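Protein chains get the first letters and strands the later ones, always in sequence-line order, with residue 1 at the start of each. All of these numbers come straight from a predicted model, not from anything done at the bench.
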Amino acid sequence: MSYPFETVEPKWQRYWEARRTFRTPGPGDPDFDPNKPKYYVLDMFPYPSGAGLHVGHPEGYTATDILARYKRMRGYNVLHPMGWDAFGLPAEQHALKTNTHPRITTEANIATFRRQLKALGFSYDWDREINTTDPAYYRWTQWIFLKLYERGLAYQAEVPVWWCEALGTTLANEEVIDGKSEVGGYPVERRPLRQWMLKITAYAERLLEGLDELDWPESTKEMQRNWIGRSEGADVLFDVAGFPDEQIRVFTTRPDTLFGATYLVLAPEHPLVDTITTDEHRPAVERYRRATAAKSDLERTELQKEKTGVFTGAYAINPVNGEAVPIWVADYVLASYGTGAIMAVPAHDERDYAFARAFNLPIREVVSGGDVSKEAYTGDGILINSSSEDREIPGIAERGFSINGLSVAEAKRKVIAWLEAHGRGEGKVNYKLRDWLFSRQRYWGEPFPIIYVDGQPKPLPEDVLPVTLPDLAEFKPSGTPEGPLANATDWLHTTDPETGKPARRETNTMPQWAGSCWYYLRFIDPHNDERLVDPDKERYWMPVDLYIGGAEHAVLHLLYARFWHKVLYDAGVVATPEPFTRLVHQGLILGEMEYTAYYDGDGHPVSAAFVKEGVHTETGEPVTARKVAEDEVEKRGDGFVLKSHPQVLVDARSHKMSKSRGNVVNPDEVVARYGADALRLYEMFMGPLEQVKPWSMKGVEGVSRFLNRVWRLVTDDTDGLAAAVTDAAPSKEQLRTLHQTIRKVTDDIEGLRFNTAIAAMMEFVNAAMKWEALPKAVVEPFVLLLSPFAPHLAEELWQRLGHAESLAYEPWPAVVEAYLEEEELALAVQVNGKLRATITVPADADKEAILARAKAEDNVRRFLDGKTLRREIYVPGKIVNFVVS
RNA sequence: GGGGGGAUGGCGGAAUUGGUAGACGCAGCGGACUUAAAAUCCGCUGGUUCGCAAGAACCGUGCGGGUUCGAGUCCCGCUCUCCCCA
């Protein structure tokens, strides 16, 4: 008889729900116990897509659920909530196609997700469920925006967006593919639009420093550091020949190379371009600027192999030597980075070098050590060709200066000092991090708490929040760069609550990231309509002790959330400077392993070694891929080959799950076939939590067999217990096995090594199956160990073992060291580091006895006889090694 | 190009500080039960060689070196691969 999950699992889900087993009292609740330690374990809440839950979701969710259940049993107050990040583009795109209100789509999707999550038996406190699209929630998102605005951290700027004339709407980056709209393939262009920006750059330094204390994956911290992109250098001011009122400010990380600057480059959007371009060059510059407008930043900088640019006809004056250098316009310089202008030092910068070569501009070596006739030299060295001490620099200094002979670091310091002394620049720290573009021309997002009175933006007072979304009859674009909210005439035109003047509402909405920036705070106090979060509750529960979610959020979500948290910290709303103490990313789950063979046009098999991107690497002919069954291939050397054509390699790998590939595993089907406990257990048994790993339905069967064995171990065919389960006293061996398991499972849960914890429980069951009697004193602790992993099965067994209450708050089994002691010890015996025998000795045997026993072993003596014994090594409890010659 | 992972049987993986490589599971093979199948239970299962057998030897953690009594683990140099950034 096997574990009847189809009746047991719903039974316990109903039980937990009816008894509110996982309701978590907090400060202020009558049944709250402030003497218990707290543990806040958080999942990245999902976007409820129409596709329903993916097997990737329960991976992290099971891990956190195991921790939550374990910590409860260890006597912690555990906060373990779930909610919905429900604003976003897909629901709006669906609305455009079907004219269904996004709220309806969203509610239906949430209902599916909630049903699916509940069917997996997660111990969430569902009383704390939140939804970012609920006005009672986004009221506080708007409130935080007002705090940002008050603190000067929200401002408006002209920023280019993708505008599609044919669709009459702006598009998000992901809606633009190869310079065309994803929908319809219409042309798009970059067009400046007035938008809200958040000044995250003001927090760049603190966001960088804060990383050091966090228990996060080093790779994620490094990504955030790179994203912030701190660089030290200098701002340098160049005069423009013939324009005494104009100066060009450039940022450089290499002020030491200033004498090697042979031209300047302005971004095409730079405001000075119009002013300084000569009439002769104006038509070419205008043409160039129009061409640039169609390109994304990525195309301008990364994808572009050929450097492009045009000369303006104007010259700048290098402040350190008075030289006139030509000013060019080129799109490899971005208006948004630094000052939108650079000094080009082709001898010591790769991109400048490529540009100078393409346009035949001079290359002047100023740092020795490389060969600048071949390539740019970016390494350290001694400064050369860098002196103006023999002459006057008109308008700047009577005498120039020299940095010849200095190292790069010394030269940097001296140049910065000179620039500062002569008012031509200063040392500066620059960040790659840009301010956060915080508005979208969309309907399904948080409205801004902003109105325009006499054309000027004005924040609404807190007491009129939330500004709710109007109901629209249809979700068509407005036909202008404004979003669909511009169509909601009744909503759009309002009055200023302070002055009674007519006002117009902001038609932008906030981006999807907004709601997820602070949701972990709302879980602490989800129904508070006076405050975002009660300070006592916040101080008790924060920070989040463990946060598990995908690595795809390593930068944006986690950086934005940290930014808001620091702002709220400064505003006195929260008491901790960082929100997430410990962060773990679950690894991607790939589809089942697939074998793919390739065939040419004539149907002959082609070895995978000759196939790249669907094309034969030698003939250039396209090949067709065909899936082959596992029994048609075999391992040969490093790869797999077709059994029928052993010289033909096939691709053997798992692919990311995708609809188009048809390898998506639906958790509902797994639950229907094997039960929720089996799904949970399998997802944890696959391998280390953080690792990428392929799905295997056979593996699910394996863990399901294990659960069935546990079931048969404890129960009989009726609704009672197996005959072997008794009240008898356990044997020494049984206690040792149990306590070894307790120790292993406890340590492994603490270290998030769920795969090896499960292996240990499997070993326990393998041993227990052989025992004639199974004392309750042994089986009950085991059921408790299993309960965080397979809670439904464990609750059912616990009940059958005679307990009236849920095991959710039973104390976690404790290891008794005395039970772990072995009477005998197995030792490996090596001769010259090679294993020759294993011996069994009494646990209390001394070194001499052990060495004598080891030498007595036949197979050891064979290797010692006739040799000189040089050394005897004994590592207690582990190994004996005789070194002979 | 830069940064960060990773590479262990047919497959997923284990080996917590340098100490018996391959735990646990899958797949495979053999057996028991069964009219039969499924389920279940028992046994074997890295490779090669020797041996009737018990057993033994050699090789083996991507490749090449090194340190050490002893290296999957530490050091140096490579190859391949995944992720992120550019």
Side-chain angles (χ1 to χ4, degrees), chain A residues 1-2 217-229 297-298 301-304 332 337 350-351 378 432 550-555 585 587-590 592-593 595 630-631 633-640 652-654 656 681-682 684-688 690-706 708-709 711-712 743-744 747-748 750-751 753-766 769-770 826-839 858-859 862-863 869-885:
Chain A
M1 192 183 150
S2 55
E218 205 46 51
S219 59
T220 299
K221 291 206 265 186
E222 201 53 31
M223 268 187 240
Q224 293 214 346
R225 287 189 191 108
N226 290 339
W227 192 262
I228 294 166
D297 287 357
L298 191 71
T301 50
E302 299 319 316
L303 306 176
Q304 192 166 349
Y332 78 95
Y337 183 70
E350 277 155 22
R351 286 197 298 185
T378 56
K432 205 163 69 190
E552 65 273 21
H553 297 114
V555 176
H585 299 304
L588 202 64
I589 297 182
L590 304 175
E592 296 256 0
M593 169 84 129
Y595 300 94
E630 195 179 345
D631 57 10
V633 300
E634 62 186 345
K635 183 101 176 192
R636 179 82 46 115
D638 282 342
F640 282 85
R653 56 189 211 106
S654 309
K656 205 168 161 170
L681 208 63
Y682 175 65
M684 296 298 99
F685 188 60
M686 291 171 87
E690 299 183 55
Q691 199 162 298
V692 179
K693 39 207 179 281
W695 185 266
S696 157
M697 221 36 119
K698 287 286 187 189
V700 185
E701 279 178 34
V703 295
S704 142
R705 277 200 280 267
F706 163 68
N708 289 332
R709 279 206 300 281
W711 179 256
R712 280 193 306 270
R743 180 155 74 180
K744 180 77 178 142
D747 289 353
D748 283 351
E750 294 278 356
R753 293 180 299 270
F754 304 114
N755 54 331
T756 49
I758 293 166
M761 291 188 283
M762 287 175 168
E763 286 185 86
F764 174 87
V765 171
N766 290 345
M769 296 285 278
K770 297 192 167 76
L827 282 179
V829 183
Q830 299 181 336
V831 179
N832 283 349
K834 278 194 196 275
L835 182 72
R836 295 305 175 189
T838 48
I839 54 171
D858 282 351
N859 205 43
R862 273 175 50 202
F863 288 90
L869 191 57
R870 298 284 176 198
R871 230 175 124 181
E872 296 176 330
I873 292 157
Y874 170 57
V875 182
K878 297 228 164 111
I879 208 161
V880 173
N881 190 10
F882 297 112
V883 184
V884 298
S885 59

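- A donor-acceptor contact shorter than 3.5 Å links the side chain of A:Glu592 to the backbone of A:Met697.
- Between B:C82 and B:C26, the two P atoms lie 30 Å apart (nearest whole Å).
- Straight-line distance from the NZ atom of A:Lys878 to the P atom of B:G18: 10 Å, rounded to whole Å.
- B:U20 and B:G46 have their C1' atoms separated by 16 Å, given to the nearest Å.
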*asked:* Does A:Asn832 form a side chain to side chain contact (heavy atoms under 4.5 Å, CB included) with A:Val883? I'd like the steps, not just the answer.
replied: CA-CA 5 Å; A:Asn832 283 349; A:Val883 184; 3.7 Å; yes

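- Phosphate contact (OP1/OP2 of B:G12, side-chain N/O of A:Lys693, threshold under 4.0 Å): absent.
- Expressed to the nearest 0.5 Å, how far NE2 of A:His553 lies from OG1 of A:Thr220 amounts to 12.0 Å.
- For the C1' atoms, the distance from B:G47 to B:C52 is 23 Å, rounded to whole Å.
- Among the atoms of the strands shown, none is found under 4.0 Å from any heavy atom of A:Ser696.
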_nucleotides 53-73 of chain B: protein proximity per nucleotide (B base, S sugar-phosphate only, - neither; heavy atom, under 4.0 Å)_ = ---SSSS---------BS---

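- Here, B:G12 and B:A56 have their C1' atoms 33 Å apart, quoted to the whole Å.
- Nearest to the side-chain atoms of A:Ser219 among the listed nucleotides B:U20, B:G25, B:G4 stands B:G4.
- Closest-nucleotide positions on RNA chain B for A:Asp748 and A:Tyr682 were compared, and the one nearer the 5' end corresponds to A:Tyr682.
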*Given pairs defined as Watson-Crick or G-U wobble with both distances under 3.5 Å, what dot-bracket annotation applies to RNA chain B, with ( ) intrastrand, [ ] crossing, | other strand and . unpaired?*
(((((((..(((......[....))).(((((.......))))).(((((....)))))..(((((..]....)))))))))))).

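- At whole-Å resolution of the value, CH2 in A:Trp227 and C1' in B:C84 are 11 Å apart.
- OP1 and OP2 of B:C24 both lie 4.0 Å or more from every side-chain N or O belonging to A:Asn755.
- Other residues, nucleotides and ligands place no more than 12 heavy atoms under 6.0 Å from the CZ atom of A:Arg743.
- For the salt bridge (charged side-chain N to carboxylate O under 4.0 Å, His left out) test, no residue two or more places apart in sequence or in another chain qualifies with A:Glu350.
- Straight-line distance between the P atoms of B:C58 and B:G70: roughly 16 Å, to the nearest whole Å.
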*Is there a side chain to side chain contact (heavy atoms under 4.5 Å, CB included) between A:Asn881 and A:Arg871 once you walk through the steps?*
CA-CA 8 Å; A:Asn881 190 10; A:Arg871 230 175 124 181; over 6 Å; no

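- A cation-pi arrangement is found for A:Arg836 relative to A:Phe863, the charged atom lying closer than 6.0 Å to the ring centre and inside a 45° cone about the ring normal.
- Annotation: salt bridge (charged side-chain N to carboxylate O under 4.0 Å, His left out) contacts of A:Arg753 (sequence neighbours excluded): A:Asp748.
- Taking CG of A:Asn859 as the reference point, atom CD1 of A:Ile839 lies at 13.0 Å (rounded to 0.5 Å).
- Rounded to an integer number of Å, the gap from A:Glu222 CD to B:G5 P is 10 Å.
- Using atom C1' as the reference point in both B:U16 and B:C11, the two lie 25 Å apart (nearest Å).
- In terms of phosphate contacts, A:Asn766 brings a side-chain nitrogen or oxygen within less than 4.0 Å of OP1 or OP2 of B:G25.
- If you measure from atom CE of A:Met684 to atom P of B:G12, you get 18 Å, rounded to the nearest angstrom.
- The distance from atom CE of A:Met223 to atom C1' of B:C83 is 7 Å, rounded to the nearest whole Å.
- By the rule that a glycosidic angle within 90° of 0 means syn, B:G64 does not qualify and counts as anti.
- Once rounded to the nearest 0.5 Å, the distance linking CD1 of A:Ile589 with NZ of A:Lys693 reads 6.0 Å.
- Protein atom CD1 of A:Ile589 is 17 Å distant from nucleotide atom C1' of B:C82, rounded to whole Å.
- With values rounded to the nearest 0.5 angstrom, A:Ser704 atom OG is found 12.5 Å from A:Tyr682 atom OH.
- Side chain to side chain, A:Arg705 and A:Asn708 fail the donor-acceptor criterion of an N or O pair below 3.5 Å.
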*Can you give one letter per nucleotide of nucleotides 6-11 of chain B, going 5' to 3': B for a protein heavy atom under 4.0 Å from the base, S for sugar-phosphate only, - for none?*
----SS

Using a cutoff of under 3.5 Å, can you pull out all pairs of nitrogen or oxygen atoms linking the protein to nucleotides 37-40 of chain B, with atom names and distances?
residue : atom : partner  : partner atom : Å
B:U40   : O3'  : A:Arg712 : NH2          : 3.2

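- Using atom P as the reference point in both B:A27 and B:C63, the two lie 29 Å apart (nearest Å).
- The gap from the P atom of B:C85 to that of B:C76 amounts to 29 Å, rounded to the nearest Å.
- Whole-Å rounding puts the A:Arg753 CZ to B:U16 P distance at 10 Å.
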